[in-house]
Amino acid sequence: MHPKTRFEPTRIAPETFLIHDHQGEGEGPVSVALNTMVIRAAEPVVVDTGMMENRNQYLEDVFSLVEPEDIRWVFISHDDVDHTGSVNALMEAAPNATLVIDWFMQERMGASLEVSPMRWRWLRDGDVLDVGDRQLRLVRPPVFDSGTTRGLFDPLTEVYWASDAFASPMPVPVRDVAALDLVPWLEGIHTFAQYISPWLDLVDEAKFQRAVDRIEALRPQVIVGCHTPVIGPSHVGDAIAATRIAPSATVPPQPDQSVLDAIQAVLGEQPLVTT
Ligand SMILES: [Fe+2]
Ligand SMILES: [Fe+2]
């Protein structure tokens with residue numbers, strides 16, 4: 001078993017930290033980041049809650065940055081399992097936190113969301129979350145795989161949380177996209193965009209560009225998200241440009257049944273594990 005690379009949280013802006021996780025290392029040709037974020041605003045905010053499998057390390061990382069009772073807001077960018085894995089555990093451990101979701105998110109999560117409705121707030125694209133010393137803006141990214149998706153822009157630090165957008169696979173886990181080769185990184189953005197948003201080829205080109213314009217107009221200094229290493233100031237322009245052409249880019253096909261046949265053939269040759 002390949003030992004999992006461990007990254008301590010990365011400070012990406014004043015009082016703003018990316019918490020790292022990833023999967024696929026040592027198993028596939030690439031690994032994929034599974035990040036979350038903490039903003040130590042006047043009213044501290046936790047952004048997304050990672051995978052269930054990483055709960056202990058995730059909670060340890062969050063609480064290394066902010067005391068549980070000081071967390072005021074837990075923002076969920078959308079209701080996929082890689083963003084909600086520890087939402088119930090975190091809300092139980094953080095008695096003063098309000099959960100920022102929306103109506104459709106709680107509908108889709110159903111009974112899996114164990115947080116009292118008395119602790120919810122419903123905010124959608126275009127809304128604002130006042131966290132005492134700044135007003136965080138909810139801005140939907142141009143690429144997404146759930147209709148509930150809202151990104152989060154901090155006007156004080158100019159950091160944009162992109163949820164699943166601007167994502168790319170990594171040959172090996174890295175903290176920052178500056179550590180990746182430029183061309184494969186940009187191709188990875190194309191591929192990820194088409195895989196998570198296969199509807200991109202149905203979209204009117206001008207309307208899609210306006211959705212990207214909306215992010216560019218924020219003038220983010222740093223873009224972070226669940227599935228990308230940190231995109232710093234020198235790489236933000238490239239990430240936005242790559243997203244603009246993602247709908248028409250040629251990307252590798254997803255593995256199909258023939259790949260599964262090959263995997264199963266290898267697995268079938270391995271001795272059965274008996275207990
Ligand atoms: Fe997603
Ligand atoms: Fe995701």
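One-based numbering, in listed order, for ligands and for the atoms of each. Throughout, numbering of the chain's residues begins at 1 and tracks the sequence.
Within a radius of less than 2.8 Å around the Fe ion (ligand 1), the protein N, O or S atoms are His78 NE2, Asp80 OD2, Asp145 OD1, Asp145 OD2, Asp164 OD2.
With no hydrogens or angles considered, a side-chain donor-acceptor pair links Asp48 and Ser77 at under 3.5 Å.
Aromatic ring pairs are classed by plane angle as parallel below 30°, tilted from 30° to 60° and perpendicular above 60°; the pair Phe192 and His227 is parallel.
One distance of note links CG of Asp154 with CD1 of Ile12; it measures 9.5 Å at 0.5 Å rounding.
Arg108 forms a cation-pi arrangement with Phe104, by the criterion of a distance under 6.0 Å to the ring centre and an angle within 45° of the ring axis.
Aromatic ring centroids of Phe144 and His78 lie 6.0 Å or more apart.
Contact detail for Ile189 and Ala239: the closest heavy-atom pair is CD1-CA, 4.0 Å.
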